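These numbers come from a predicted model, not from an experiment. Here is the naming used below: chain letters follow the sequence lines, and residue numbers restart at 1 for every chain. Below, each value reflects all heavy atoms present in this structure, side chains not excepted, and no hydrogens, waters or symmetry copies.
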Amino acid sequence: MNSRSGASLPIACGASVMPEQVYALIDCNSFYCSCERVFRPDLNGVPVVVLSNNDGCVIARSAEAKKLGISMGAPWFQLREFARQHGVQAFSSNYALYGDVSDRVMRTIGSLVPAYEIYSIDECFADLTGIPEPLIDMGRAIKDKVFQWTRIPVGVGIANTKTLAKLANHAAKRWIDRTGGVVDLRDPELRDKVLRKLPVDEVWGVGRRLKVKLEALGIQTAWDLAQYDAWSLRKQFSVVLEKTARELRGVRCLDLEEVEPPKQMICSSRMFGTRQYQHSALAEAVASYTSRAAEKLRAQKSLCQVLRVGIQTGMFNPEQPRYANSVTLQLPYPTDDTRVLIQYAQFGLARIFREGYAYSKAEILLAEICQRGEITGDLFTPAQPAIAGQLMATLDAVNRKYGRGTLRAARIREAPGWSMRRELLSQGFTTRIDQVWQI
DNA sequence: TCTGGGGTCCTAGGACCC
DNA sequence: TCTGGGGTCCTAGGACCC
């Protein structure tokens with residue numbers, strides 16, 4: 001049975017040998033903090049943290065802040081005094097800045113490698129297949145060029161599978177003094193050494209819950225997971241974990257995804273800056289979030305057929321009554337028209353709104369998303385009128401040119417009372433002409 | 001007083017089909 | 001006494017990622 005594999009297969013003969021697949025995972029160090037430092041070199045060496053929307057909790061920490069023991073997700077109000085005492089610089093999230101810096105980092109990487117996949121705002125897989133050895137030099141070249149062009153420090157992990165590249169990147173950061181931030185994990189001896197040292201939950205795809213279950217099976221390290229029988233992992237857990245284990249052994253199960261598939265769900269949800277009690281305030285917030293979701297929908301050239309609107313009170317204060325509810329609505333036709341979406345969102349809100357609660361958050365979810373031009377209609381289902389598409393295109397063009405919210409639904413005020421707190425916001429260094437760097 | 005905002009994929013189970 | 005063997009679609013829930 002096994003005789004079909006191996007060198008006897010005619011297709012494997014011939015002059016050219018397929019080069020071995022190699023991936024790199026490039027990951028920005030403390031990305032949001034690094035972005036704040038790009039135009040504030042005085043912050044180098046200073047502990048820096050970036051807070052979530054509403055200045056709620058810590059979502060990024062510089063190395064110095066980590067050293068002080070500040071943990072991810074720590075509520076800011078509990079930390080403020082400690083931060084003041086230790087000279088910690090805190091910032092509100094400045095997504096306009098981070099998004100723009102991210103674009104620059106990705107374009108820089110793109111100029112150096114044959115193909116790449118943007119995995120998140122601060123991470124990117126690159127295809128290094130066929131690039132001349134030694135690849136560790138290529139890794140260092142990427143790191144240096146990104147820093148030279150964007151002032152963002154990155155780590156680079158190189159391996160034959162994505163899961164191992166992630167692990168290599170992790171190792172590069174963990175043992176930065178020895179690695180200089182670049183690790184090539186293709187050498188089996190080095191790979192096994194690293195696998196044995198890293199706990200299983202450092203593996204991409206193994207989180208808190210799985211860690212507990214795996215440890216019950218005696219799987220403590222990445223090495224243990226790699227050695228475990230893949231088939232029984234599939235039976236006991238899922239095909240996902242099976243692939244993870246195989247990838248750890250160097251068997252490729254995940255490919256580079258260069259084109260991002262359109263999202264199947266689009267969500268816009270946010271905590272309010274302060275608790276809201278009135279239907280009118282929630283109505284305004286819901287209209288605003290719906291507008292944002294509709295923008296995202298149109299940006300990927302999609303239409304949606306289902307809208308869900310949800311509201312909730314704060315969940316932490318035991319003194320106040322809690323309430324959370326949502327309603328899912330079928331739309332009259334597949335649409336990307338902000339006006340139609342807002343209308344349905346308001347209808348939904350009216351159904352779930354209850355008087356007398358301190359609301360903290362609203363959420364809009366667009367679902368059953370399809371691509372424009374891929375809809376098969378029927379005689380009895382109207383299609384979205386063409387004029388609506390033209391109007392939305394104009395709306396987006398105006399807002400692109402003059403800034404988000406320049407043209408908006410009439411019920412949304414410019415500075416609403418529910419908008420989020422951002423008391424520690426840095427400048428729009430790269431996105432606002434009135435806020436460019438001054439020397 | 002104060003605790004984020006997005007996403008994805010997979011599985012199990014029920015209802016239903018032939 | 002004995003009770004098949006495939007499927008699909010939907011929803012809820014659980015796990016993960018950054």
(message) From C-beta outward on A:I266, which listed nucleotide comes closest to its side chain: C:dC16, B:dG7, B:dC10?
(response) B:dG7
(request) Could you let me know what B:dG5 is paired to, Watson-Crick or G-U wobble, both distances under 3.5 Å, or none if it's on its own? (result) C:dC18
(request) Look at atom CZ of A:F82 and say whether more than 12 heavy atoms of other residues, nucleotides or ligands are closer to it than 6.0 Å. (result) yes
(message) Students often get this wrong, so: under 4.0 angstrom with heavy atoms, is A:R275 touching a base, only sugar-phosphate, or nothing?
(response) sugar-phosphate
(request) Just call it for A:D122: base, sugar-phosphate, or nothing, with non-hydrogen atoms closer than 4.0 Å on any strand. (result) sugar-phosphate
(message) Is the phosphate of B:dG6 approached by A:R270 (side-chain N or O, under 4.0 Å from OP1 or OP2)?
(response) yes
(request) Using a strict 4.0 Å threshold on nitrogen-to-oxygen distance, state whether A:E242 and A:K235 make a salt bridge. (result) no
(request) Classify the nucleic acid contact of A:N53 as base, sugar-phosphate or nothing, counting any heavy atom under 4.0 Å across all strands shown. (result) sugar-phosphate
(request) Select one nucleotide: of B:dG4, C:dA15, C:dC17, the one nearest the side-chain heavy atoms of A:S52. (result) B:dG4
(request) Among B:dG5, C:dC16, B:dT8, find the nucleotide with the atom closest to the side chain of A:Q264. (result) B:dT8
(request) Select base, sugar-phosphate, or nothing to describe what A:W204 touches, counting heavy atoms under 4.0 Å on all strands. (result) sugar-phosphate
(message) Applying a 4.0 Å non-hydrogen cut-off, can you work out what A:L210 is touching in the nucleic acid: base, sugar-phosphate, or nothing?
(response) sugar-phosphate
(request) Choose from C:dC18, B:dG4, B:dT8 the nucleotide whose nearest atom is closest to any side-chain atom of A:K263. (result) B:dT8
(request) Starting from C1' on C:dC18, measure out to CD on A:E117 and report it in whole angstrom. (result) 13 Å
(request) Assign each of A:C57 and A:V240 to its nearest nucleotide of DNA chain B by heavy atoms, then name whichever residue's nucleotide is nearer the 5' end. (result) A:C57
(message) Salt bridge check, A:E423 against A:R80: does any charged N sit closer than 4.0 Å to a carboxylate O?
(response) no
(request) Take the protein atom CZ of A:R308 and the nucleotide atom C1' of C:dA12, then report the distance between them rounded to whole Å. (result) 12 Å
(request) Looking at every strand, decide which applies to A:S268 at a 4.0 Å heavy-atom threshold: base, sugar-phosphate, or nothing. (result) sugar-phosphate
(request) Give a yes/no answer on whether the side chain of A:K213 brings an N or O atom under 4.0 Å of OP1 or OP2 in C:dA15. (result) yes
(message) Please classify the nucleic acid contact of A:K243 as base, sugar-phosphate, or nothing, using heavy-atom distances under 4.0 Å.
(response) nothing
(message) In whole Å, I'd like the distance from the CD atom of A:Q78 to the P atom of B:dG4.
(response) 12 Å
(request) Would you kindly give the CG-to-C1' distance between A:D55 and B:dT1, to the nearest whole Å? (result) 14 Å
(message) Which is more 5' along DNA chain B, the nucleotide nearest A:F237 or the one nearest A:F77? Just name the residue.
(response) A:F77
(message) In this structure, how many angstroms lie between the P atom of C:dC17 and the CG atom of A:N169, rounded?
(response) 15 Å
(request) Would you indicate what A:L51 reaches in the nucleic acid, counting non-hydrogen atoms under 4.0 angstrom: base, sugar-phosphate, or nothing? (result) nothing
(request) Report the distance from atom CG of A:L225 to atom P of C:dC16, rounded to the nearest whole Å. (result) 13 Å
(message) Minimum heavy-atom separation for A:M392 and A:R339, please, with both atom names.
(response) CE-NE, 4.1 Å
(request) Measure from the side chain of A:I59, starting at C-beta and using heavy atoms only, and say which of B:dT3, B:dG7, B:dG4 lies closest. (result) B:dG4
(message) Give me the distance, rounded to whole Å, that separates B:dC17 from C:dG4 when you measure between the C1' atoms they each carry.
(response) 15 Å
(message) So if I take every side-chain heavy atom of A:C267 and compare against B:dG5, B:dG7, B:dT3, which nucleotide ends up nearest?
(response) B:dG7
(message) Looking at B:dT11, which nucleotide sits across from it as a Watson-Crick or G-U wobble partner, both distances under 3.5 angstrom, or is there none?
(response) C:dA12
(request) Nearest whole angstrom, please: distance from the C1' of B:dC9 to the CD of A:E242. (result) 15 Å
(request) Select base, sugar-phosphate, or nothing to describe what A:E363 touches, counting heavy atoms under 4.0 Å on all strands. (result) nothing
(message) Would you say NZ of A:K243 has more than 12 non-hydrogen atoms from neighbouring residues, nucleotides or ligands within 6.0 angstrom?
(response) no
(request) Using the ring of A:F237 (Phe, Tyr or Trp, six-membered ring only), decide whether A:K213 places NZ or CZ under 6.0 Å from its centre and within 45 degrees of its axis. (result) no
(message) From the set B:dC2, B:dG4, B:dT11, return the single nucleotide nearest to any side-chain atom of A:V239.
(response) B:dT11
(request) Between C:dA15, C:dC18, B:dT8, spot the one nearest the side chain of A:M265, thanks. (result) B:dT8
(message) With no hydrogens and no angle check, just 3.5 Å: does a side-chain donor-acceptor pair link A:T161 and A:R246?
(response) no
(request) Respond yes when some side-chain nitrogen or oxygen of A:K296 is under 4.0 Å from OP1 or OP2 of B:dG7, and no when none is. (result) yes
(request) Could you state the atom-to-atom distance from CE of A:M271 to P of B:dG5 in whole Å? (result) 6 Å
